[in-house]
J.: 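A single structure is presented below for examination.
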Amino acid sequence: MRNDENKSIAMWWRPSRASQTRWYVMHLLRRFRTARQWLQPREEILLAHGWTRSGLYRIGRLAYPYGWGIAWHPGWLDPRKKYVLDEVTGDIEIVLAEPKRTVRSTFRKR
């Protein structure tokens with residue numbers, strides 16, 4: 001046992017690296033599945049505007065987010081965010097409606 005026997009096990013217990021990795025991979029897969037449902041019906045429009053499949057779905061060689069496609073963006077799981085496709089320019093816009101303001105972020109093709 002440890003020297004601090006009077007403390008509860010929850011105070012010094014840490015999840016194993018394998019369980020943290022498993023949780024993170026499952027979280028990434030949920031993001032991808034949600035993004036795929038949104039991207040798939042709009043894929044032809046995006047490709048016509050210069051997006052590439054790798055720009056949409058790529059898994060980078062470096063740590064996230066460097067070199068990863070938009071399908072892995074963390075915002076896909078946030079119910080407050082809406083993804084909007086600008087059919088004129090082909091840009092994907094994220095709209096976050098907050099109580100006193102609206103925040104917009106734009107992804108442009110590579």
Side-chain angles (χ1 to χ4, degrees):
M1 201 77 189
R2 302 182 123 209
N3 293 338
D4 49 356
E5 289 182 23
N6 57 350
K7 294 182 179 180
S8 74
I9 193 167
M11 294 181 74
W12 54 266
W13 180 82
R14 297 281 182 263
S16 69
R17 180 89 170 133
S19 65
Q20 289 176 342
T21 303
R22 189 177 317 116
W23 175 86
Y24 191 69
V25 167
M26 295 306 294
H27 194 68
L28 279 173
L29 288 174
R30 281 188 28 225
R31 280 187 212 168
F32 179 80
R33 289 181 187 130
T34 306
R36 182 81 173 139
Q37 290 175 357
W38 190 90
L39 290 169
Q40 199 167 21
R42 297 162 180 86
E43 193 171 277
E44 293 302 319
I45 298 168
L46 290 166
L47 294 175
H49 282 288
W51 285 87
T52 61
R53 282 194 173 84
S54 66
L56 296 172
Y57 305 112
R58 174 181 42 226
I59 296 176
R61 291 184 181 176
L62 300 174
Y64 178 81
Y66 304 106
W68 291 58
I70 191 172
W72 304 97
H73 187 264
W76 291 108
L77 297 179
D78 189 348
R80 301 174 302 155
K81 294 182 180 178
K82 304 283 186 258
Y83 285 75
V84 180
L85 173 62
D86 183 354
E87 294 190 15
V88 175
T89 61
D91 296 342
I92 299 172
E93 186 175 58
I94 302 172
V95 180
L96 173 62
E98 293 182 339
K100 295 186 178 183
R101 68 183 183 149
T102 301
V103 180
R104 297 177 185 276
S105 299
T106 304
F107 288 100
R108 293 194 168 87
K109 61 187 171 275
R110 294 182 194 217

J.: Is the side chain of W51 donor-acceptor paired with the backbone N or O of G90 at a distance under 3.5 Å, no angle test?
T.: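 The answer is yes, because a donor-acceptor pair under 3.5 Å joins these two groups.
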J.: State yes or no: do L77 and L28 share one hydrophobic cluster built from I, L, V, M, F, W and Y residues joined by side-chain heavy-atom distances below 4.5 Å, directly or via other members?
T.: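 Different clusters.
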J.: Between H49 and V88, which heavy-atom pair has the shortest distance, and what is it?
T.: CE1-O, 3.1 Å
J.: Would you name the heavy atoms of R58 and G55 that are closest together and state the gap between them?
T.: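 The answer is NH2-CA, 4.4 Å.
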J.: If I compare all heavy atoms of H73 with all of R31, which pair ends up nearest, and what's the gap?
T.: O-CD, 3.4 Å
J.: Decide yes or no for V103 and E98: does some side-chain heavy atom of the first lie under 4.5 Å from some side-chain heavy atom of the second?
T.: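 V103 vs E98: side chains touch.
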J.: Between W72 (side chain) and A35 (backbone), is there a donor-acceptor pair under 3.5 Å?
T.: no
J.: To the nearest 0.5 angstrom, please state how far the CD1 atom of I70 sits from the CZ atom of R108.
T.: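 The distance works out to 12.0 Å.
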J.: State whether the number of non-hydrogen atoms from other residues, nucleotides or ligands found under 6.0 Å of R36 atom CZ is greater than 12.
T.: yes
J.: To the nearest 0.5 angstrom, please state how far the CD1 atom of I92 sits from the CD1 atom of I45.
T.: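 CD1 of I45 is found 10.5 Å from CD1 of I92.
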J.: Does S105 have any side chain to side chain contact (heavy atoms under 4.5 Å, CB included) partners at least two apart in sequence or in another chain, and if so, which?
T.: I94
J.: Taking the ring centre of each residue, are W76 and Y83 less than 6.0 Å apart?
T.: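 Here the rings of Y83 and W76 have centres that are less than 6.0 Å from each other.
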J.: Quick one: do E87 and R42 make a salt bridge, cutoff under 4.0 Å?
T.: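 Salt bridge flag = no for R42 with E87.
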